[in-house]
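Data first, discussion second: the structure below is written as structure tokens.
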Amino acid sequence: MQAVRIHSHGGPDVLRIEQLPPPPIAAGQVLVAMKAAALNHLDLWIRGGMPGVALPLIMGSDGAGIVREVGSGVTTLAPGDEVVVQPGLFCGRCAACLDGRENLCPDFGILGEDADGVQAGLVALAPANLFPKPTGLSFEEAASFGLVFLTAYQMLVKRAALQAGETILVVGGSSGVGAAAIQIASDLGARVIATAAAGDKTEFARAMGAHEVVDHYADNWHKRVLEIAGADKVQVVFEHVGAATWDQAVRTMGLGARLVFCGGTTGALVEMDLRHTFRKHLSFLGSTLGDLDTFRAVLQRFEEGRYRPFVDRLFPLEDVAQAHHYLEDRRQRGKVVLSIPESDIN
Ligand code: ZN
């Protein structure tokens, strides 16, 4: 089978398309023939060099495919089942896992970072990483949303407890996780202000459900957000951009507001004036990926048509380096997906 694998860190040239033997199926595992796999910003970080990532590594956290074979002891899946990948890894035995808070497991990890990922013709996974593909979605669409919707739903619903009628600021609304946040917030009945670059990225954020979009390359864009938000300012901020936007995002927060964050794509070090935060009773909530209950909730909403996938561009698996360039140049509006032809499986 073909797989996207790295043996060293660096630019897109370290991505290799390799012919590998099919992975062995351990007891309790399922062999899946992958049809599509998506890219995330995480792929760029891992390729560029992340501490603790063991090499060589097959890339990729998101995908969809068809069950080919099940290992001993697997009763919940059968050959022919169409599945979507849940990217979180966890032990299933600790107190957090038994309590349904799998993303707080001490052994928590992510496919394509802490274990071989899914940008390959065949992958062997535990049933906890495989869920039924929403009907009505293509494999490419089903591959596209897992990580970003899991992350954004966990942040908005489980961490920030966003309520209908609240005003939310989604920073970086044209990225994958930003667009997921806009859809989730809008579906919840919140009033959504997003930031995006002017032009087609603004149009994309609107199409995702943002009620107002502010150009985040304009000077002092937070003042425009405050004008739109009105006297109570913003109640929830969704942040994943980090250093470039943090200060202005914090300035939009009203009394008792919550800022929920992940990522930090422009840098992880930020400065804050603590006097402004405690006097306004602000909350800052970190979050990583999500639990299984959240993944089920996201799939259910795709099944109901309340959320919709946003595939920007498809690349064949062997053009993965071009796909990385495309993402790195910030040209995407939504998700970049790799299609995996039948010939890559054998
Ligand atoms: Zn655990």
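Small disclaimer: the values here were computed from a predicted structure and weren't measured. Remember, it's 1-based here, ligands and their atoms both numbered in the order they're listed.
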NZ/NE/NH1/NH2 to OD/OE distance under 4.0 Å, K335 and E141: no
Q2 and Q19, any side-chain heavy atoms less than 4.5 Å apart: yes
F108 and F90 aromatic ring geometry - parallel, tilted or perpendicular at 30°/60° bounds: parallel
Check ion pair R47-D43 (N to O, under 4.0 angstrom): no
Trace of the side-chain hydrogen bond (donor to acceptor under 3.5 Å, both in side chains) decision for Q154 with S287: CA-CA 8 Å; Q154 187 82 21; S287 192; 5.5 Å; no
Protein N, O or S within less than 2.8 Å of the Zn ion (ligand 1), waters excluded: C91 SG, C94 SG, C97 SG, C105 SG
Derivation of the side-chain contact (heavy atoms from CB on, under 4.5 Å) call for K133 and E303: CA-CA 9 Å; K133 178 173 84 66; E303 192 67 53; over 6 Å; no
